[in-house]
Amino acid sequence: MDAFRLLTRSTKLKPASSASDSRLPSTGKAANPQLFRTAETDKLESAKNGKKRKRSAAVQQDEEDVPDLDFFSSNKRPAASVTETAVATEDDEKVSAQDAVSDDDDSMDEVERRTILNSHKIKVTDMRDLEEIQVQPTSSTDSKKKKKKSKKEEAPTLSKKEQKRARRLFPEPLLNFKELRSKYKISSRLAENVAEQGFTVPTEVQLGTLPLLLGEPSEPDLLVVAPTGSGKTLSFLIPVINKIVRHHHSNPDEHGILSLVVAPTRELASQIVNEGRKLVAGTGVKITLMRKGMRVGDDGDAGANVLEENNEESSGSEDEDAENKPAKERANIPVTKSDILVTTPLMLVNALSANRTTTMATLPLVRSLVMDEADVLLDPLFREQTLDIWKSCSHPDLRVGLWSATMGSNIEDLTKSTIRERLGDLGQKPSDPHALLRLVVGLKDSAIPNIDHKLVYAATEQGKLMGLRQLLRPAAASASDIRLRPPFLIFTQTIPRAVALHSELKYDIPAEAGGSSRIAVLHSDLSDGQRSDIMRDFRKGEIWILVTTDLLARGVDFRGINGVVNYDIPNSAAVYVHRVGRTGRAGREGGIAVTYYTKEDIPYVKSIANIIDVSEKLRGGEEGDKSIQKWLLDALPNLSKNSKKDMKRHGVKARQAPRLTDKEDDGKGARGMRISTKSGFERRMENNKRGAIEASRNRKAAAATSGNVSDAGSWGGLDD
Ligand SMILES: Nc1ncnc2c1ncn2[C@@H]1O[C@H](COP(=O)(O)OP(=O)(O)OP(=O)(O)O)[C@@H](O)[C@H]1O
């Protein structure tokens with residue numbers, strides 16, 4: 001069904017030409033998901049790939065001759081006899097050796113590595129203190145003296161520029177997904193699962209991080225800042241899963257939660273589990289979504305943390321939550337063991353501390369802690385919970401990964417100090433010294449360059465509503481140059497505003513197009529079950545327009561959405577980056593981000609205009625094509641640090657007023673910020689009517705309690 005056709009019924013407006021149609025995110029995936037590359041590197045990479053293909057043909061032939069070379073094979077395989085396993089292991093090692101030879105031959109020199117990394121705008125930095133970097137750990141004990149000497153001698157002599165240079169790294173990039181198996185020796189089943197996803201080219205973040213996390217010498221702690229929709233999920237899941245497959249192989253008796261993935265919202269956590277399930281199939285690794293009422297307990301034998309849950313494959317709707325089961329039934333829930341637990345911070349903290357009634361239990365087996373949307377997890381809102389979780393991971397060899405499209409330097413400092421503190425608290429040293437690296441793709445904290453940004457001055461709230469109606473009714477689109485096709489998202493500042501906007505727009509979609517069922521509202525006041533249903537229907541294309549709050553601003557991947565409307569301006573530049581990043585995912589072109597602003601918003605617009613300006617510069621093109629002109633940037637006021645902080649916490653104050661919906665509106669407060677097209681007279685009439693109904697209800701209720709009305713429940717009141 002063509003949503004545009006239905007919305008433009010009985011108008012002369014023609015759908016966009018097929019050429020521009022094919023550039024919409026909803027029309028399918030981009031041929032190349034990478035955001036940054038040059039023709040020169042394309043050549044270099046394909047030359048490298050071509051060389052590798054020729055070389056590996058012989059190796060591949062050998063691999064095909066050997067039935068199954070899965071060194072880390074899961075227990076799904078029929079129990080192989082000892083000799084069989086030994087043969088397979090030897091064979092696998094043989095292939096590894098052959099691969100190693102070809103890899104050595106193919107390994108890139110520094111110039112090639114630099115060229116590829118630079119053209120993809122990938123920057124890797126060692127975040128440790130310079131002394132730690134310069135003084136590489138050596139096994140000899142007498143090196144201590146040398147270390148002290150070099151600290152004194154070298155560190156102060158370097159200029160800032162030199163220090164920067166000393167920190168900069170140029171690790172080998174991943175050229176194609178086949179290298180995951182041939183070069184980095186990941187489990188063959190995992191490699192198959194990756195191949196089944198049908199991805200042809202690794203995105204920049206995959207190209208840069210996978211070799212760091214899978215390669216030698218030692219897995220680092222890693223901070224990653226990479227654009228929205230650039231495939232960070234796959235980048236952290238592959239190494240986590242592979243590490244567990246290896247762990248199962250080397251420690252077959254140790255079971256329990258080996259990896260934690262923390263995400264700020266239930267929607268994102270659930271999406272990560274879905275992605276994870278595709279990757280773990282057949283590997284023997286289990287991934288589970290933390291749900292209310294689940295208990296993370298001690299299994300008593302190996303001292304491992306295991307998870308009690310009712311059904312790990314369930315979709316997670318509310319009525320399936322373990323919490324809702326009677327106590328007796330819960331006691332009978334079989335204890336299952338999960339390797340990867342995906343959770344929101346509060347849910348795990350509550351489980352580890354019996355709803356904050358006990359001290360936090362520890363998670364002694366966890367070796368990988370992934371924080372997705374790390375900057376928000378370490379923001380004051382979640383910070384305490386996230387740090388509690390981090391510190392509850394008591395294994396000395398824990399590695400952390402912090403991932404986001406935006407990350408302030410305060411997060412980097414907090415990461416460094418927490419790593420240090422945690423090790424201090426443990427009183428143990430990791431068995432393997434490792435680095436803390438930061439990998440940035442593109443420009444830090446910038447919006448993706450492959451979408452069109454429209455910053456629209458609407459003057460008033462009424463103006464915004466009119467503008468949005470024009471988007472919903474493309475017949476009126478001639479009044480503006482924006483043509484936004486469903487499906488799209490609309491963001492508001494608060495839940496009441498999302499609810500009010502939804503009620504206002506509900507009947508704007510013609511019945512022939514599905515009417516009010518095509519538009520929905522999603523926010524955190526809805527039950528988990530309602531939230532899951534709406535997410536499912538939006539993904540299936542049954543809902544075309546979703547009004548929401550910042551609940552969906554981060555991480556959520558609706559692959560083919562054509563645009564994002566910021567009905568209310570975002571609270572910060574970072575929120576803008578994340579909200580608009582719901583479109584244009586995996587390199588898809590043609591996504592549109594519309595941001596309305598009113599007179600009240602003017603003080604807050606500059607940071608957003610700056611983000612748009614940088615994104616347009618990243619994209620290149622003519623000065624005249626830019627949506628943000630220099631005069632506008634110069635004219636917009638700068639915001640003080642305190643006002644920025646205040647805006648981040650509360651949003652535009654006037655919109656924060658509690659009485660905002662028609663129902664609650666007393667006609668006085670926040671008048672200018674109301675979401676409604678009704679006149680003052682209509683509103684007054686409605687309020688009078690509502691008052692009369694309320695008074696009548698109260699009279700009846702009073703009569704019922706004094707025994708004068710025999711069946712108060714049978715009176716339904718008037719419909720308002
Ligand atoms: N190599 C690839 N080629 C094509 N598509 C890919 C590739 N890797 C991942 N994708 C797809 O890209 C989309 C975005 O991936 P993902 O959700 O991991 O992005 P993200 O970087 O985590 O974004 P955000 O910052 O918004 O959380 C997903 O639909 C995913 O399946």
Side-chain angles (χ1 to χ4, degrees), residues 25-26 28-37 45 120 122 173-180 191 193-210 223-240 261-265 267-279 342 370-377 401-407 439-442 444-448 450-451 489 491 535 539 550-561 564 574-589 591 593:
S26 58
K29 54 180 186 177
N32 191 322
Q34 297 172 338
L35 292 172
F36 311 105
R37 58 182 199 280
E45 283 171 30
H120 285 289
I122 297 172
L174 182 83
L175 291 177
N176 57 60
F177 284 114
K178 282 187 188 139
E179 284 187 349
L180 289 176
N193 294 343
V194 174
E196 266 169 32
Q197 309 259 321
F199 301 144
T200 44
V201 187
T203 62
E204 276 87 5
V205 69
Q206 294 159 358
L207 190 147
T209 59
L210 285 168
L223 282 150
V224 180
V225 192
T228 51
S230 64
K232 294 188 281 296
T233 316
L234 201 69
S235 315
F236 62 70
L237 281 177
I238 292 173
V240 159
V261 180
V262 188
T265 63
E267 280 71 17
L268 180 53
S270 152
Q271 179 183 293
I272 294 169
V273 171
N274 285 339
E275 289 308 300
R277 285 204 175 125
K278 290 181 217 158
L279 295 173
V342 186
V370 174
M371 290 171 246
D372 196 12
E373 308 298 341
D375 54 332
V376 87
L377 290 175
L402 293 94
W403 302 73
S404 184
T406 52
M407 196 139 5
L439 183 141
V440 180
V441 178
K444 222 163 151 256
D445 306 329
S446 64
I448 38 174
N450 52 324
I451 55 177
L489 285 170
F491 286 101
M535 291 288 283
R539 286 205 154 104
D550 283 328
L551 177 75
L552 292 194
R554 281 176 175 259
V556 178
D557 182 50
F558 300 117
R559 282 172 207 181
I561 69 165
V564 167
V575 175
Y576 181 82
V577 169
H578 289 276
R579 278 188 185 179
V580 303
R582 296 316 96 208
T583 186
R585 301 185 67 79
R588 285 174 171 86
E589 291 283 338

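All ligand and atom numbering here is 1-based and tracks the order in the structure.
- Here the side chain of Glu204 pairs no donor or acceptor atom with the backbone of Ile122 at under 3.5 angstrom.
- Remark: minimum distance from atom 17 (O) of ligand 1 to any protein heavy atom is reached at Arg585 NH2, 3.1 Å.
- Near Ser230, the atoms of ligand 1 lying under 4.0 angstrom from a non-hydrogen atom of the residue are 19 (O), 20 (P), 21 (O).
- Using 4.0 Å as the threshold, Gln197 has no heavy atom nearer than that to any atom of ligand 1.
- Only the side chain of Pro33 comes within contact range of ligand 1, with a heavy atom under 4.0 Å; no backbone atom does.
- Remark: minimum distance from atom 12 (O) of ligand 1 to any protein heavy atom is reached at Ala586 CB, 3.3 Å.
- With sequence neighbours left out, the side-chain hydrogen bond (donor to acceptor under 3.5 Å, both in side chains) criterion links Lys278 to Glu275.
- When only interatomic distances are considered, the shortest N/O to N/O separation between Val201 and ligand 1 falls below 3.5 Å.
- The ring-ring contact (aromatic ring centres under 6.0 Å, His included) check on Phe558 picks up Phe538, with sequence neighbours excluded.
- Each of Val205, Val225, Val261 was scored for a side-chain contact (heavy atoms from CB on, under 4.5 Å) with Trp403, with one residue passing: Val205.
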Next item on the list: Mind running side-chain contact (heavy atoms from CB on, under 4.5 Å) on Leu552 and Arg582 for me, showing each step along the way?
Entry: CA-CA 9 Å; Leu552 292 194; Arg582 296 316 96 208; 5.8 Å; no

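- Below 3.5 Å of separation, one finds an N or O of Arg559 facing an N or O of ligand 1.
- Residues Asp557 and Lys232 are not paired through a salt bridge, judged by the lack of any N-O separation under 4.0 Å between the basic side chain and the carboxylate.
- If you check which protein heavy atom lies closest to atom 13 (C) of ligand 1, you get Asp557 OD1, 3.6 Å.
- Contacts of Pro227 with ligand 1, taken as heavy-atom pairs under 4.0 Å, involve the backbone alone.
- Assignment of Phe177 to the shell around ligand 1 is supported, since a heavy atom sits closer than 4.0 Å.
- At a 4.0 Å cut-off, at least one heavy atom of Glu373 sits close enough to ligand 1 to count as contact.
- For ligand 1, one of its N or O atoms has an N or O atom of Gly231 under 3.5 Å away.
- For the pair Lys232 and ligand 1, the shortest N or O to N or O distance falls below 3.5 Å.
- No donor-acceptor pair under 3.5 Å is formed between the side chain of Asp372 and the backbone N or O of Ala263.
- The shortest contact between atom 16 (P) of ligand 1 and any protein heavy atom is with Thr233 OG1, 3.5 Å.
- Checking side-chain atoms of Gln34 against main-chain N and O of Pro202 turns up a donor-acceptor pair under 3.5 Å.
- With respect to atom 23 (O) of ligand 1, the closest heavy atom belonging to the protein is Gly229 N, 2.7 Å.
- Nearest protein heavy-atom contact of atom 6 (C) of ligand 1 is Phe199 CE2, 3.5 Å.
- The main-chain N or O of Leu234 is never found under 3.5 Å from a side-chain atom of Gln197 such that the two would form a donor-acceptor pair.
- Residue Arg582 has at least one heavy-atom neighbour below 4.0 Å for each of these atoms of ligand 1: 26 (O).
- The backbone N or O of Arg277 lies less than 3.5 Å from no partner atom in the side chain of Asn274, so there is not a single donor-acceptor pair.
- Distance alone, capped at 3.5 Å, is enough to place a donor-acceptor pair between the Thr583 side chain and the Ile561 backbone.
- The backbone N or O of Pro33 lies less than 3.5 Å from no partner atom in the side chain of Thr203, so there is not a single donor-acceptor pair.
- Nearest protein neighbour of atom 27 (O) of ligand 1, counting heavy atoms only, is Gly555 CA, 3.1 Å.
- If you check which protein heavy atom lies closest to atom 8 (N) of ligand 1, you get Gln206 NE2, 2.8 Å.
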